[in-house]
Novice: 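Let me give you the structure first, and then I'll get to my questions.
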2 protein chains.
Amino acid sequence: MAAADRPCPQRRGRPRSAAADRAILDATRAALVDLGWSRLTMSEVAHRAGVAKTTLYRRWAAKSELVVDAVAVLFDELELPDGGSLRADVEGVVLSFSALLRRPETKTALMAVLAESTTDEALRQRIRSAIVDRQKRLVLAGRARAQQRGELPPDSSDDGETARVVDLIFDVIAGAVVHRSLVSDRPVDRSWAHHFTTLLLEGLGAVSSPSDPLPERAAQKTGGSV
Amino acid sequence: MAAADRPCPQRRGRPRSAAADRAILDATRAALVDLGWSRLTMSEVAHRAGVAKTTLYRRWAAKSELVVDAVAVLFDELELPDGGSLRADVEGVVLSFSALLRRPETKTALMAVLAESTTDEALRQRIRSAIVDRQKRLVLAGRARAQQRGELPPDSSDDGETARVVDLIFDVIAGAVVHRSLVSDRPVDRSWAHHFTTLLLEGLGAVSSPSDPLPERAAQKTGGSV
DNA sequence: GAGTTACGCTACGGCTCGTAGCGGAATGGG
DNA sequence: CCCATTCCGCTACGAGCCGTAGCGTAACTC
């Protein structure tokens with residue numbers, strides 16, 4: 001729906017302005033930063049985008065759908081550069097994901113849209129397809145690399161079993177980072193990423209024992225806020 | 001603030017009606033189930049509670065604060081019965097927490113209030129003190145029991161180190177359950193709880209290997225939706 | 001009884017919502 | 001070229017909620 005509700009790329013008559021689309025989505029993100037979710041109004045977005053309010057309603061039926069589309073593209077920035085080991089890959093994705101969540105428009109939009117989705121099944125599906133499910137590629141990539149390195153056993157013959165494991169890992173990583181940064185409201189820095197990765201890789205006993213040193217590092221490419 | 005903004009339990013003049021307090025909070029939860037967050041209005045709550053709108057504004061300045069108070073009490077229901085092992089305790093808290101999140105008023109309110117809090121520092125603190133931080137008692141209790149049983153090493157001499165570990169475990173458990181049930185929108189059933197606990201206790205290698213049997217059980221008291 | 005505080009009720013200006021109707025602009029088909 | 005079609009910006013509208021103020025009354029303390 002939304003920007004995708006044009007069956008033919010060109011039917012007849014005047015085409016929709018692609019520039020208006022971009023202006024609207026940019027204005028939505030900017031307004032989200034300044035105002036937050038509850039004070040964000042369609043009128044304000046239209047005004048900032050230099051667009052009539054009616055144009056906005058012609059493309060998005062609700063504020064929540066507009067915001068999903070405005071924010072979804074930000075999540076596609078996530079990458080998983082090969083860190084050389086499973087531990088490095090996990091720490092890398094944790095830090096880059098948390099950097100994304102640190103941006104005001106991202107965290108505000110994500111939480112608000114999830115809240116709306118608890119009473120709106122269509123919106124829930126829209127979020128999953130536009131944002132959440134697409135990020136499982138990161139887990140799949142990291143897992144495949146680790147298996148190539150011999151750090152993890154190869155896939156089970158049962159595809160359902162494999163999918164379940166991927167979903168589990170995804171929920172644990174994404175959930176922990178979101179909870180740490182947005183609920184507990186504490187920084188996801190290099191130290192936290194290290195301890196979390198130790199817990200994920202080796203289990204509860206490893207982080208409980210008083211021997212989990214955080215190695216000193218000089219280079220820092222993911223921009224953690226240590 | 002809110003219901004706690006009475007310095008003296010009885011100052012002078014007519015006291016605030018405790019019945020009105022209960023009626024308002026009950027009406028808030030009920031309206032939240034029927035309408036969701038965005039369509040929930042102060043007028044509607046006042047009408048359902050049989051209370052004047054002005055009475056409502058005398059006690060809560062904003063919708064978000066009202067909802068925090070209305071929902072906070074639900075989280076105090078969480079208990080941690082001794083399951084006899086660390087694994088049983090973790091699975092127990094995962095299942096009871098997910099049962100709480102399955103209630104419409106809980107999930108709607110929690111996500112909406114967290115969304116609002118991303119642009120409201122005071123609200124963020126209110127949520128932490130009224131809801132989040134109080135539940136760390138569950139981690140502390142489970143950890144102490146496991147240490148008594150010898151399943152985990154005793155506390156480090158460094159108190160800061162201990163607090164960091166407790167916070168980490170809390171974020172991982174709560175975050176994973178919230179993400180699984182509210183974002184991925186898939187059931188937290190007995191099977192998921194089992195695999196998650198395996199991952200938490202033994203690390204990634206344990207769930208990736210094709211040997212993590214789910215023991216059959218007859219009794220089922222937490223209502224997993226398998 | 002006097003003083004104080006909470007209550008229900010009504011009314012208000014201000015804002016946003018989502019829609020309708022208009023004239024005009026941009027495209028494709030005959 | 002001209003027409004049909006579709007989009008655009010603009011204005012206006014009834015509706016609903018917001019948060020506050022003012023009033024008379026009820027409940028409780030000293």
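Treat the numbers as computed from the prediction; the structure is a model and nothing was measured. Values reported hereafter were calculated over all heavy atoms of this structure, with side chains retained and with hydrogens, waters and symmetry mates removed. Naming convention: chains lettered A, B, ... in sequence-line order (proteins, then strands); numbering from 1 in each chain.
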Novice: Identify, with sequence neighbours excluded, every residue that meets salt bridge (charged side-chain N to carboxylate O under 4.0 Å, His left out) alongside Arg128(B).
Specialist: Asp185(A)
Novice: Going by the rule salt bridge (charged side-chain N to carboxylate O under 4.0 Å, His left out), which residues pair with Arg145(B) if we only count those two or more places apart in sequence or in a different chain?
Specialist: Asp82(B), Asp89(B)
Novice: Considering only side-chain heavy atoms of Arg16(B), which listed nucleotide, dG9(D), dC7(D), dC7(C), is closest?
Specialist: dC7(C)
Novice: Can you pull out every salt bridge (Lys or Arg N to Asp or Glu O under 4.0 Å) where at least one residue sits in residues 33-49 of chain A? Sequence neighbours excluded, please.
Specialist: Asp34(A)-Arg48(A), Glu44(A)-Arg48(A)
Novice: Can you check the Trp60(A) CH2 to dC17(C) P distance for me, whole Å?
Specialist: 16 Å
Novice: When you measure from every atom of DNA chain D, which of residues 22-50 of chain B have a heavy atom less than 4.0 Å away?
Specialist: Thr41(B), Met42(B), Ser43(B)
Novice: Could I get the full list of ring pair (Phe, Tyr, Trp, His ring centres under 6.0 Å) partners for Trp192(B), not counting sequence neighbours?
Specialist: Phe196(B)
Novice: Mind checking side-chain contact (heavy atoms from CB on, under 4.5 Å) for Asp155(A) and listing every partner two or more places apart, or none if nothing turns up?
Specialist: Arg143(A), Gln147(A), Thr162(A)
Novice: Apply salt bridge (charged side-chain N to carboxylate O under 4.0 Å, His left out) to Asp120(A) and list each qualifying residue two or more places apart in sequence or on a separate chain.
Specialist: none
Novice: Would you write the dot-bracket representation of DNA chain D, where each base gets (, ), [, ], | or . depending on whether it forms a Watson-Crick or G-U pair under 3.5 Å and with which partner?
Specialist: ||||||||||||||||||||||||||||||
Novice: Return the set of residues passing salt bridge (charged side-chain N to carboxylate O under 4.0 Å, His left out) with Glu79(B) (not counting sequence neighbours), or none when no residue passes.
Specialist: none
Novice: Not counting sequence neighbours, list each pair that qualifies as a ring pair (Phe, Tyr, Trp, His ring centres under 6.0 Å) and has a residue in residues 164-189 of chain B.
Specialist: Phe170(A)-His179(B), His179(A)-Phe170(B)
Novice: According to side-chain contact (heavy atoms from CB on, under 4.5 Å), who are the partners of Thr118(B), at least two apart in sequence or on a separate chain?
Specialist: Lys107(A), Thr108(A), Met111(A)
Novice: Check Leu86(A) against Leu201(A) and note the closest heavy-atom contact, atom names and distance.
Specialist: CD2-CD2, 3.7 Å
Novice: Would you list the protein and nucleotides 20-26 of chain D atom pairs, both N or O, that sit under 3.5 Å from each other?
Specialist:
unit_1  : atom_1 : unit_2   : atom_2 : d
dA26(D) : N3     : Arg14(B) : NH1    : 3.2

Novice: Measure the distance from CG on Leu66(B) to C1' on dC18(D) and round it to the nearest whole Å.
Specialist: 15 Å
